[in-house]
Amino acid sequence: RLPVGYFRTINDRRFSWQFPTEPQPQTGDRGIVWPRGRVLGGSSASAGSKAEVEGIVREYILAHPEILPEAMENLRKRETGKQLGAVGGKLEVAFPGAVMGNPNGTMVLVEFTDFACGYCRASVPEVDALIAANPDLKVVVRELPIIAPTSADAARWGLAAAEQGKYPAFHKAMFAAGRTDAGSIESAAKASGLDLDRARKFIADPRVDAELKNNIELARQLGIDGTPSWVVGDQLLAGAVGRDELGKAIKAARSGGGNR
């Protein structure tokens with residue numbers, strides 16, 4: 001520990017910081033040099049002084065554990081930034097037609113969803129409210145069929161609906177059905193006005209399964225392992241977080257605090 005009397009305490013709103021009083025340290029090429037020749041850091045720091053610094057840091061953390069959540073949040077944001085940077089702009093490039101809201105919107109919300117997901121179903125009115133409140137909001141929907149054996153079939157029909165320009169209607173009809181069995185899928189397709197023969201042909205198109213594989217790979221790169229998951233600006237949110245949290249993220253992206 002540093003000698004008694006070398007510190008004074010200043011309390012702010014969150015932490016109690018300690019700063020050195022007399023005698024003051026001096027900064028040189030060797031690092032921070034304390035009176036009596038003690039060096040903390042710098043290229044010439046000994047293993048002993050390194051251990052001493054680590055001990056001081058450890059004691060501070062133990063005395064102020066409230067900083068740990070903030071540190072973890074900063075780490076999470078840093079890792080999210082790296083992950084989003086790795087996928088680049090392709091995350092916001094929708095499968096043709098698989099969008100809701102304003103297809104030409106400049107504010108983009110990406111949703112990873114599964115028609116077999118109850119939390120995704122509960123999020124439908126939340127997304128509708130966000131679209132109503134944000135005329136420039138473009139919701140890019142990425143089908144992530146990971147929950148039920150029939151999730152992939154429903155996702156393929158969703159992409160077929162997108163190809164016919166009827167994705168939003170199918171999206172709502174499918175979630176309203178609450179099931180992803182063949183009968184429910186066909187009923188949702190009929191309710192949304194799909195040309196069923198055209199849809200069946202399109203489902204066999206290699207682009208459909210390629211899109212699902214691409215979505216699964218994007219989710220893997222982003223560390224997404226469940227639905228719903230959302231990306232807006234530089235924020236990644238997991239679960240049915242609700243319109244308020246999504247709205248805050250959209251606001252942050254607008255202000256530049258959440259733009260990549």
Side-chain angles (χ1 to χ4, degrees), residues 90-101 103 108-131 137-231 236-242 246:
K90 60 185 178 181
L91 181 66
E92 296 181 353
V93 179
F95 185 86
V99 298
M100 298 187 295
V108 179
L109 171 66
V110 180
E111 176 184 5
F112 285 83
T113 188
D114 184 325
F115 284 120
C117 169
Y119 292 108
C120 299
R121 182 166 62 252
S123 297
V124 170
E126 306 293 326
V127 174
D128 286 345
L130 288 170
I131 290 171
L137 183 62
K138 175 182 179 180
V139 182
V140 172
V141 183
R142 294 204 167 277
E143 303 290 348
L144 189 63
I146 58 175
I147 294 178
T150 51
S151 290
D153 291 336
R156 293 185 183 99
W157 276 84
L159 297 179
E163 188 271 334
Q164 295 185 32
K166 297 180 179 180
Y167 182 83
F170 180 83
H171 182 90
K172 292 183 179 180
M174 195 69 242
F175 276 122
R179 298 171 62 86
T180 54
D181 58 274
S184 297
I185 293 172
E186 184 170 343
S187 294
K190 290 179 179 178
S192 53
L194 292 192
D195 179 328
L196 300 188
D197 289 336
R198 176 178 166 182
R200 291 188 183 98
K201 290 179 181 178
F202 185 76
I203 286 171
D205 190 306
R207 289 176 295 172
V208 172
D209 277 355
E211 171 68 6
L212 299 184
K213 290 178 181 178
N214 179 58
N215 290 345
I216 290 171
E217 175 58 20
L218 285 172
R220 185 195 65 78
Q221 288 181 277
L222 293 172
I224 292 173
D225 56 8
T227 56
S229 290
W230 320 82
V231 178
L236 193 160
L237 302 93
V241 296
L246 290 172

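Nothing here was measured: the structure is a model prediction, and the numbers come from that model.
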Once rounded to the nearest 0.5 Å, what's the spacing between atom [atom1] of [X] and atom [atom2] of [Y]?
{"X": "Met174", "Y": "Cys120", "atom1": "CE", "atom2": "SG", "answer": "12.5 Å"}
{"X": "Phe175", "Y": "Asp114", "atom1": "CZ", "atom2": "CG", "answer": "7.0 Å"}
{"X": "Thr180", "Y": "Trp157", "atom1": "OG1", "atom2": "CH2", "answer": "14.0 Å"}
{"X": "Thr227", "Y": "Arg121", "atom1": "OG1", "atom2": "CZ", "answer": "11.0 Å"}

Has the side chain of [X] got a donor or acceptor atom that lies under 3.5 Å from a matching backbone atom of [Y]?
{"X": "Ser187", "Y": "Gly183", "answer": "yes"}
{"X": "Glu111", "Y": "Pro228", "answer": "no"}
{"X": "Asp181", "Y": "Ser184", "answer": "yes"}
{"X": "Trp230", "Y": "Gly239", "answer": "yes"}

My understanding is that only one of Asn215, Thr113, Ile216 makes a side-chain contact (heavy atoms from CB on, under 4.5 Å) with Arg142; could you say which?
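One option only clears the test, and that one is Asn215.
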Salt-bridge criterion met for Glu186 and Lys190 (N-O under 4.0 Å)
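Judged by the 4.0 Å cut-off on N to carboxylate O distance, Glu186 and Lys190 do form a salt bridge.
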### Query
Does Arg198 pair with Glu163 as a salt bridge, N-O distance under 4.0 Å?
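Yes, this pair counts.
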- Item | Under 3.5 Å side-chain donor-acceptor pair for Asp153 and Thr150 |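 Looking only at side-chain atoms, Thr150 and Asp153 do not form any donor-acceptor pair under 3.5 Å.
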Can you say whether the rings of Tyr167 and Phe115 are parallel (under 30°), tilted (30 to 60°) or perpendicular (over 60°)?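 Ring orientation, 0 to 90° scale: tilted.
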Legend entry - Minimum heavy-atom distance Ser151-Ile146, with the two atoms named: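 The pair with the smallest heavy-atom distance is CB-N, 4.3 Å.
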